[in-house]
Amino acid sequence: MSEEPIADVAALFDLYQQGIVFHCVCAVTRLGIPDALDHEPREVARVAAETGCDEDALRRVLRLLAGHSLLTYDPERDLAGLTARSELLQGRHAMSLRATFATLGISDVAHALTETVRTGRPATVPALGTGFWEYLAERPEQQTVFSEAMAEQARLLSLPCVHLVDWPPAGTVVDVGGGIGVLLAAVLQEEPGARGILVDQPQVLDRARSFLKDEGVADRCAVRAGNLFEPPPPADMYLLSRVLHDWDDDGVVRILAAISRDADAAARLRIFEDLLPERGSPAPAQNWSDLVMMALYDGARERTLTQYRALLERGGWTFDRVVHGPPGMNVIEATRAG
Ligand SMILES: C[S@@+](CC[C@H](N)C(=O)[O-])C[C@H]1O[C@@H](n2cnc3c(N)ncnc32)[C@H](O)[C@@H]1O
């Protein structure tokens with residue numbers, strides 16, 4: 001034990017205080033404050049009135065965030081403004097993280113982690129009273145923000161891998177659990193002769209249709225309501241991007257087996273996922289993601305390549321190769337077994 005624990009006491013207190021910063025960023029983002037602020041600092045009273053906030057409460061939150069360089073706040077003139085960092089919380093920014101901070105997620109269930117660690121079950125049930133997907137399905141507004149958050153993260157994580165692999169020049173690519181279609185649209189833009197089919201839950205598809213239209217690929221991309229546990233339409237290539245880490249091992253095998261059931265013998269599968277190291281400690285971001293999976297979905301986890309290979313085999317696929325992308329993303333390629 002350290003003889004002079006002052007530095008450790010300070011570090012622990014710092015950590016204790018940091019938690020609230022995350023919640024304040026989520027709160028102001030949900031309230032649309034970054035969108036209401038501009039490059040020119042604005043009076044807090046006006047921003048509060050425009051966004052339907054209590055002026056005093058908003059001022060105190062903005063003042064705290066200014067202390068962490070997330071905003072500017074001038075107490076003499078009562079003016080708040082954005083920094084380069086908080087500009088990224090505006091919906092109109094090309095690399096926006098607005099929905100990532102605004103979505104229902106770990107910030108809403110983390111307080112129930114004690115229960116998760118005791119039971120091994122997700123924190124959603126004690127925190128929200130139900131499973132995560134069920135909760136979203138009953139709340140269309142929350143579902144929309146979550147789908148947007150997945151789109152932001154797909155842009156950041158999956159798109160940098162698109163140019164690392166070849167795509168079928170004239171075939172059909174089915175993206176299973178493809179969200180609003182960020183990855184599939186990029187694939188179709190890369191291969192003008194290819195056609196796409198996006199499969200996801202019915203409540204995601206209206207936004208998917210408008211997104212695919214905006215991306216100029218709607219005429220080559222069908223949109224289908226479907227269940228991960230039932231065979232998707234036939235295709236030359238199937239994509240599963242950041243879907244498998246949401247499920248336990250048996251769920252993953254069921255998803256893989258459902259795809260392989262009606263797939264052509266030559267069909268190929270591409271799985272976009274982060275991969276934990278086979279030995280040693282995962283990176284902090286990987287431990288974070290693994291914990292988020294544990295908190296949100298029953299039995300969900302990040303996995304090593306060895307673990308995915310074993311699951312592929314159980315689900316009727318033969319592992320071919322893995323292409324490593326930038327940190328946080330890899331493309332695992334497989335073909336139908338037998
Ligand atoms: C983590 S998101 C990934 C979305 C997208 N593939 C990406 O990379 O951003 C998981 C997706 O699985 C979909 N999903 C969850 N349960 C599903 C089910 N039972 N059937 C079909 N899709 C499902 C969700 O709606 C969501 O779009």
Side-chain angles (χ1 to χ4, degrees), residues 96-97 99-100 103-106 122 124 130-162 165 173-188 196-209 211-212 215 221 223-233 235 237-248 250-259 269-274 288-290 292-303 325-326 328-332:
S96 179
L97 288 174
T100 295
T103 186
L104 180 90
I106 188 67
T124 48
T130 181
F132 191 68
W133 298 121
E134 292 76 12
Y135 191 91
L136 286 182
E138 287 165 12
R139 292 165 181 80
E141 283 179 22
Q142 299 276 7
Q143 174 70 63
T144 302
V145 184
F146 177 78
S147 294
E148 214 55 54
M150 292 305 101
E152 288 174 0
Q153 294 165 27
R155 268 178 217 118
L156 208 65
L157 295 166
S158 300
L159 293 198
C161 294
V162 169
V165 287
V173 180
V174 171
D175 193 351
V176 182
I180 69 168
V182 171
L183 175 60
L184 189 52
V187 170
L188 296 179
I197 305 176
L198 179 85
V199 179
D200 208 297
Q201 305 187 94
Q203 63 269 25
V204 175
L205 300 184
D206 279 348
R207 177 70 186 106
R209 282 187 195 93
F211 176 80
L212 294 166
E215 292 296 303
C221 192
V223 167
R224 297 261 187 282
N227 190 325
L228 294 174
F229 302 100
E230 286 162 15
M237 180 177 283
Y238 298 91
L239 306 181
L240 280 168
S241 167
R242 303 190 309 129
V243 167
L244 298 183
H245 71 167
D246 295 344
W247 300 92
D248 66 4
D250 287 343
V252 170
V253 171
R254 284 172 59 214
I255 293 168
L256 294 171
I259 299 175
L269 172 67
R270 283 199 173 137
I271 297 170
F272 285 61
E273 289 287 355
D274 198 0
W288 174 86
S289 180
D290 184 55
V292 171
M293 293 305 120
M294 178 174 88
L296 294 183
Y297 314 107
D298 215 351
R301 63 195 316 124
E302 299 296 344
R303 296 178 170 89
M329 194 50 72
N330 308 271
V331 186
I332 304 168

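We count residues from 1, following the sequence as given. When a ligand or atom number is given, it counts from 1 through the structure's own listing order.
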A.B. asks: Within the 4.0 Å heavy-atom shell around Ala154, which atoms of ligand 1 are there?
C.D. replies: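 Taking each heavy atom of Ala154 in turn, ligand 1 has 9 (O) under 4.0 Å.
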A.B. asks: May I ask you to check whether over 12 heavy atoms, not counting those of Arg303, lie within 6.0 Å of atom CZ?
C.D. replies: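 Atom CZ in Arg303 is crowded, with more than 12 foreign heavy atoms closer than 6.0 Å.
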A.B. asks: State which residue, out of Leu188, Val182, Val223, Ile180, fulfils the side-chain contact (heavy atoms from CB on, under 4.5 Å) condition with Leu212.
C.D. replies: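 Passing option: Val223.
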A.B. asks: Ignoring angles and geometry beyond distance, decide whether Ala151 reaches within less than 3.5 Å of ligand 1 through its nitrogen or oxygen atoms.
C.D. replies: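 For ligand 1, there is no N or O atom that lies under 3.5 Å from one belonging to Ala151.
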A.B. asks: Under a 4.0 angstrom heavy-atom cut-off, which atoms of ligand 1 come close to Val204?
C.D. replies: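 Ligand 1 atoms under the 4.0 Å threshold to Val204: 25 (O).
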A.B. asks: For a quick test of reading the model, state the closest non-hydrogen atom pair linking Met329 to Phe272 and the distance between them.
C.D. replies: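 Heavy-atom minimum between the residues: SD-C, 3.6 Å.
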A.B. asks: Under 3.5 Å between any N/O of Ser241 and any N/O of ligand 1: does that happen in this structure?
C.D. replies: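 Indeed, backbone or side chain, Ser241 has an N or O that close.
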A.B. asks: With backbone taken as N, CA, C and O and side chain as the heavy atoms from C-beta onward, which portion of Val176 lies under 4.0 Å from ligand 1: side chain, backbone, both, or neither?
C.D. replies: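 Answer for Val176: neither.
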A.B. asks: Suppose we measure from atom 20 (N) of ligand 1 to each protein heavy atom; which comes out shortest, and what is that distance?
C.D. replies: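 Here the nearest protein heavy atom works out to Leu228 N, 3.0 Å.
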A.B. asks: Any chance you could measure Arg155, atom CZ, to Glu152, atom CD, to the nearest 0.5 Å?
C.D. replies: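 Rounded to the nearest 0.5 Å, the CZ-CD separation comes to 7.0 Å.
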A.B. asks: Is there a donor-acceptor pair closer than 3.5 Å between any side-chain N or O of Arg242 and the backbone N or O of Leu157?
C.D. replies: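 It does not hold such a pair.
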A.B. asks: Looking at Asp246, which atoms of ligand 1 are within less than 4.0 Å of one of its heavy atoms?
C.D. replies: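 Atoms satisfying the 4.0 Å criterion: 1 (C), 10 (C).
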A.B. asks: Taking all non-hydrogen atoms of both residues, which atom of Phe146 and which atom of Thr103 are closest, and how far apart?
C.D. replies: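 Where Phe146 meets Thr103 most closely, the heavy atoms are CA-OG1, 3.3 Å.
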A.B. asks: For Phe211, is the NZ or CZ atom of Arg207 found under 6.0 angstrom from the centre of its six-membered ring and inside 45 degrees of the ring axis?
C.D. replies: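 Judged by the rule, Arg207 and Phe211 form no cation-pi pair.
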A.B. asks: How far apart are the closest heavy atoms of His245 and Glu273, and which atoms are they?
C.D. replies: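 For His245 and Glu273, the tightest heavy-atom pair comes out as N-OE2, 3.1 Å.
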A.B. asks: Suppose we measure from atom 14 (N) of ligand 1 to each protein heavy atom; which comes out shortest, and what is that distance?
C.D. replies: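 Answer for atom 14 (N) of ligand 1: Gln201 NE2, 3.8 Å.
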A.B. asks: Applying a heavy-atom cut-off of 4.0 Å, say which part of Trp133 lies close to ligand 1: side chain, backbone, both or neither.
C.D. replies: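 Just the side chain.
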A.B. asks: I need the atoms of ligand 1 closer than 4.0 Å to a non-hydrogen atom of Met150, numbered in the order shown.
C.D. replies: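 Listed by number with element: 1 (C), 2 (S), 9 (O).
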A.B. asks: Does the side chain of Gln143 come under 3.5 Å of the side chain of Ser147 through a donor N or O and an acceptor N or O?
C.D. replies: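 Distance-only check passes for Gln143 and Ser147.
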A.B. asks: Does the residue Trp247 have a heavy-atom contact with ligand 1, meaning some pair of atoms that are separated by less than 4.0 Å?
C.D. replies: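 It does, in that a heavy atom of Trp247 comes within the 4.0 Å cut-off of ligand 1.
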A.B. asks: List ligand 1 atoms under 4.0 Å from Gly226, heavy atoms only on the residue side.
C.D. replies: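 Heavy-atom distances to Gly226 below 4.0 Å select 20 (N), 21 (C).
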A.B. asks: Contact between ligand 1 and Asp200 is defined here as a heavy atom of the residue under 4.0 Å from a ligand atom; is it met?
C.D. replies: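 Per 4.0 Å heavy-atom rule, Asp200 contacts ligand 1.
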A.B. asks: If I compare all heavy atoms of Gly226 with all of Val199, which pair ends up nearest, and what's the gap?
C.D. replies: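 Looking at all heavy atoms of both residues, the closest pair is CA-CG1, 3.7 Å.
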A.B. asks: Which bit of Phe146 gets closer than 4.0 Å to ligand 1, counting heavy atoms only: side chain, backbone, both or neither?
C.D. replies: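 Phe146 to ligand 1: no contact under 4.0 Å from either part.
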A.B. asks: For Tyr297 and Trp133, take the angle between the two ring planes, folded into 0 to 90°, and tell me which bin it lands in: parallel under 30, tilted 30 to 60, perpendicular over 60.
C.D. replies: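 Ring orientation of Tyr297 relative to Trp133: parallel.
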A.B. asks: Would you mind listing which atoms of ligand 1 come within a distance below 4.0 Å of any non-hydrogen atom of Gly178?
C.D. replies: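 The atoms of ligand 1 under 4.0 Å from a heavy atom of Gly178 are 5 (C), 6 (N).
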A.B. asks: Are any of the N or O atoms of Gln143 closer than 3.5 Å to those of ligand 1?
C.D. replies: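 It does not: no N or O of Gln143 is found under 3.5 Å from an N or O of ligand 1.
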A.B. asks: When you compare ligand 1 with Arg242, is there at least one nitrogen or oxygen pair between them that comes in under 3.5 angstrom?
C.D. replies: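 N/O-N/O distance below 3.5 Å exists for this pair.
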A.B. asks: Could you check which of Ala300, Ala137, Gly177 puts a non-hydrogen atom nearest to atom 5 (C) of ligand 1?
C.D. replies: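 Among Ala300, Ala137, Gly177, the closest heavy atom to atom 5 (C) of ligand 1 comes from Gly177.
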A.B. asks: Please test Asp274 against Asn330 for side chain to side chain contact (heavy atoms under 4.5 Å, CB included), starting from the C-alpha separation and ending with a verdict.
C.D. replies: CA-CA 6 Å; Asp274 198 0; Asn330 308 271; 4.0 Å; yes
A.B. asks: Look at atom 19 (N) of ligand 1 and find which of Asn227, Leu157, Ile180, Leu205 reaches it with the closest heavy atom.
C.D. replies: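 Nearest option to atom 19 (N) of ligand 1, by heavy atoms: Asn227.
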